[in-house]
Number of protein chains: 2
Amino acid sequence: MAKSARMIDVAKLAGVSIMTVSRVLNGSANVTDGLRDKVFAAIEHLSYQRNEVARSLREQRSRQIGILVPYLFDPFFASCAHVISTVARQHAYSVVLSTSNEDPQTEYEEASRMLRRNVEGLIVIPSHPQTGQSPLLADKFKSMPIVALDRPIEGSGFDSLLVENQRGAALGTEHLLSLGHKRIAYIGLSDDLYTMCMRHRGYNLAMEAVGLKPVAAICSSALDDALVKVRELLSSKRKPTALFCANNLTTRHVLHSLQTLGIYPPNGVALVGFDDFETADLLRPGITVVRQPSELLGRTAADVLFKRLGDSRKTKTGKSTVLPVELIVRGSCGARIRHK
Amino acid sequence: MAKSARMIDVAKLAGVSIMTVSRVLNGSANVTDGLRDKVFAAIEHLSYQRNEVARSLREQRSRQIGILVPYLFDPFFASCAHVISTVARQHAYSVVLSTSNEDPQTEYEEASRMLRRNVEGLIVIPSHPQTGQSPLLADKFKSMPIVALDRPIEGSGFDSLLVENQRGAALGTEHLLSLGHKRIAYIGLSDDLYTMCMRHRGYNLAMEAVGLKPVAAICSSALDDALVKVRELLSSKRKPTALFCANNLTTRHVLHSLQTLGIYPPNGVALVGFDDFETADLLRPGITVVRQPSELLGRTAADVLFKRLGDSRKTKTGKSTVLPVELIVRGSCGARIRHK
DNA sequence: CTGTTAGCGCCTTCAG
DNA sequence: CTGAAGGCGCTAACAG
């Protein structure tokens with residue numbers, strides 16, 4: 001590895017002191033035009049690149065933020081990460097990315113690694129179950145601004161960005177109710193996950209509000225499990241006429257299961273899902289969903305973090321922002337819609 | 001921001017010298033059990049975290065790699081990035097991620113930023129058109145191992161990981177031919193993109209091999225444009241009976257366009273796409289695709305990079321690895337298949 | 001086995 | 001407007 005030029009090499013070539021080079025680069029003080037030109041020429045000649053590691057150490061400021069998500073192959077998370085990366089670039093910051101695989105231990109280790117790297121702040125989609133304590137509550141993270149995305153960190157005082165989980169689920173359920181359904185089943189992943197818990201609650205409340213009895217099937221993230229649960233539901237005595245799927249994965253698994261059983265919503269059973277996806281309107285009929293604004297969520301999280309980095313005074317009280325969701329009616333719910 | 005403990009604070013508390021602390025942390029030399037215990041106790045007490053920035057500067061080694069992709073919301077790229085992040089974690093490396101939005105200028109700037117941060121290597125999905133020079137050929141990148149993913153960097157001597165683009169396209173085309181189609185049209189994005197160019201060539205060769213005339217529609221990445229092109233194709237005198245879509249985006253846009261026109265493959269027109277996607281088998285019928293092994297691609301890229309980082313001797317000659325693709329027959333091509 | 005010295009590349013501070 | 005000295009936190013090299 002060819003040793004790259006240092007500031008002192010530039011200084012020597014330009015016949016100035018190292019400080020003049022530093023000042024030219026940072027614009028931190030006025031430098032005579034003649035000297036500045038010489039410095040630029042030397043920089044050009046040597047292909048000089050400032051060493052950001054040394055700068056970070058000296059300035060006690062890394063110009064890096066961290067992003068920590070469970071997976072990247074979930075389009076919702078990927079979309080968030082993408083826009084955060086874009087915002088960071090606009091601020092001339094680098095992004096350190098890591099994945100926790102929904103494992104709190106990994107989340108802790110990766111957040112610690114980022115802390116050791118002196119990232120100035122962290123945007124995280126927390127992985128710990130609702131029932132447990134977040135590993136990010138550890139003392140050592142006190143010094144770093146953290147923004148929780150999609151799921152809050154209870155008792156942390158961190159900023160958080162959420163969507164209307166409960167209202168969204170109610171919206172979807174009420175839509176099915178308005179179409180005349182009375183036996184609507186909820187299908188989701190473990191209620192340990194914040195989003196699942198809230199959506200489940202939204203469904204329950206909507207059902208109870210009209211005096212109906214909620215029915216739930218909680219699946220693992222495996223496709224097989226969904227098939228079993230769906231089969232059970234649809235062969236029960238009081239077989240549901242509509243299904244509410246609590247997230248993207250569930251919706252997909254349920255659709256697969258229904259396909260296996262030869263059932264195509266809304267024939268046989270109506271269906272509404274939480275979280276939109278690329279091909280939702282390519283399916284026949286299109287899938288009616290509650291859409292969450294993933295890009296806006298990511299962008300806002302980044303904005304909140306950078307605003308906090310800009311504020312030297314550290315307001316301790318984390319602000320929780322909740323973004324609205326939207327019902328997109330396609331065909332799977334059984335509503336008559338005019339195709340464009 | 002509370003100033004965090006330094007190594008010297010630990011040393012003082014433990015009543016040893018700073019070097020002893022360093023040695024305990026690195027296991028770089030034997031330390032008496034008694035002292036080591038004291039050091040650990042002090043570390044625990046102070047919640048000491050080693051400063052990786054200082055370490056990077058001193059060791060001239062950052063333990064970071066960079067990933068530079070066009071977008072993260074393309075599931076193929078996201079999948080690559082995810083597994084690279086996983087491999088990096090296993091090596092105890094951090095990942096600096098950035099997105100180029102398919103813009104060579106942005107790619108250059110972000111790669112430069114990573115270089116300034118002393119990332120030890122870079123995995124990149126290059127954004128420059130086939131016709132142009134890669135910005136990564138600049139001298140300053142000579143000192144950094146680069147692995148090109150999905151698309152090569154001509155004349156670079158970098159390692160590259162590709163899939164069988166040409167053969168995959170031929171495979172898809174031949175499948176349609178074997179089903180009796182003679183008028184098969186190719187639909188893709190600009191041939192300036194390496195993958196598009198190769199797939200287009202594969203299609204052309206397959207057609208010409210049986211004496212048929214290739215027909216191509218090159219679309220922009222906008223949905224509207226696809227609709228126009230598809231409409232043109234299907235209203236032409238010698239209207240194609242089958243379509244070969246060269247990537248994920250094209251497939252989706254063509255399906256949307258066909259839906260708008262009230263055509264549902266394989267009725268009216270057969271369809272095969274390059275690159276599999278999550279819901280390809282949920283559509284009715286399922287979409288026949290050429291699948292590329294995105295996870296394997298990402299993992300292999302990471303392995304290649306880390307192997308190169310491990311090798312102190314720098315073999316200059318970059319090796320090009322080509323991974324196989326696979327035809328997944330579903331229903332959209334019109335082949336009779338048994339549904340599971 | 002443990003400690004001291006020096007310096008990675010840069011920027012803040014203080015002189016000139 | 002420019003330069004010289006010092007140190008950010010850590011580890012390699014050399015003493016003892």
Checklist entry - Quick one: is D:dG9 close enough that its OP1 or OP2 comes under 4.0 Å of any side-chain N or O from A:Gln60? => result yes

Checklist entry - Starting at CZ of A:Arg6 and ending at P of C:dG9, how long is that distance when rounded to a whole Å? => result 5 Å

Checklist entry - If you measure from the Lys or Arg side-chain nitrogens to the Asp or Glu carboxylate oxygens, is any gap between B:Lys12 and B:Asp9 under 4.0 Å? => result no

Next on the checklist: With a 3.5 Å cut-off and heavy atoms only, can you find an N or O donor on one side and an acceptor on the other between the side chain of B:Arg23 and the base of C:dG3?
Outcome noted: yes

Checklist entry - Within this structure, what is the CG-to-C1' distance between B:Asn26 and C:dT2, rounded to whole angstrom? => result 15 Å

Item to check | Greater than 12 external heavy atoms within 6.0 Å of B:His45's NE2 | outcome: no

Next on the checklist: Does a side-chain N or O of A:Thr32 approach OP1 or OP2 of D:dT2 to a distance below 4.0 Å, or not?
Outcome noted: yes

Item to check | Nucleotide nearest B:Leu57 when distance is taken to its side chain, options D:dG9, D:dT11, C:dC10 | outcome: D:dG9

Checklist entry - What does A:Met7 touch in the nucleic acid at a heavy-atom separation under 4.0 angstrom: a base, only the sugar-phosphate, or nothing? => result sugar-phosphate

Next on the checklist: Using whole Å, what does the distance between atom C1' of nucleotide C:dG7 and atom CD1 of A:Ile18 come to?
Outcome noted: 13 Å

Checklist entry - Quick check: does any side chain N or O of A:Ser85 sit under 3.5 Å from a backbone N or O of A:Ala81, one acting as donor and the other as acceptor? => result no

Checklist entry - Would you say the side-chain atoms of B:Arg113 and B:Ser98 include a donor-acceptor pair closer than 3.5 Å? => result no

Next on the checklist: Among C:dT2, D:dT11, D:dG9, which nucleotide has an atom closest to any side-chain atom of B:Thr20?
Outcome noted: C:dT2

Checklist entry - When we call it a touch if two heavy atoms are under 4.0 Å apart, what does B:Arg50 touch: a base, just sugar-phosphate, or nothing? => result sugar-phosphate

Next on the checklist: Strictly below 4.0 Å: does A:Asn51 bring a side-chain N or O up to OP1 or OP2 of C:dC8?
Outcome noted: no

Item to check | Phosphate contact (D:dC10 OP1 or OP2) by B:Tyr48 side-chain N/O below 4.0 Å | outcome: yes

Checklist entry - Would you call the rings of B:Tyr71 and B:Phe73 parallel, tilted or perpendicular, where under 30° means parallel and over 60° means perpendicular? => result parallel

Next on the checklist: Just the rounded figure in Å: distance from P of D:dC10 to NZ of B:Lys12.
Outcome noted: 13 Å

Next on the checklist: Within the 4.0 Å heavy-atom criterion, would you say B:Val31 contacts the bases, only the backbone, or no part of the nucleic acid?
Outcome noted: sugar-phosphate

Item to check | Rounded distance in Å - CD (A:Glu52) to P (C:dC8) | outcome: 19 Å

Checklist entry - Do A:Arg58 and C:dC11 have a side chain to base donor-acceptor pair shorter than 3.5 Å? => result yes

Item to check | Whole-Å distance separating the CD1 atom of B:Ile8 from the P atom of D:dT11 | outcome: 13 Å

Next on the checklist: Taking atom CD as the centre, does B:Gln133 end up with more than 12 heavy-atom neighbours from other residues, nucleotides or ligands that are less than 6.0 angstrom away?
Outcome noted: no

Item to check | Distance test, side-chain N/O of B:Ser56 to OP1/OP2 of C:dC8, below 4.0 Å | outcome: no

Checklist entry - When you measure from the side chain of B:Glu59, which nucleotide among C:dC1, D:dT2, D:dT11 comes out closest? => result D:dT11

Checklist outcome for this item: Quick note, A:Leu35 side chain, CB onward, closest among D:dT2, C:dG9, D:dT11 is D:dT2

Checklist entry - Please give, in whole Å, the distance from C:dC11 P to A:Leu25 CG? => result 7 Å

Checklist entry - Is any side-chain nitrogen or oxygen of A:Ser22 closer than 4.0 Å to OP1 or OP2 of C:dC11? => result yes

Checklist entry - Taking the side chain of B:Ala54 as heavy atoms from C-beta outward, which of C:dT13, D:dC10, C:dC10 is closest to it? => result D:dC10

Next on the checklist: Using whole Å, what does the distance between atom C1' of nucleotide C:dC10 and atom CZ of B:Arg116 come to?
Outcome noted: 14 Å

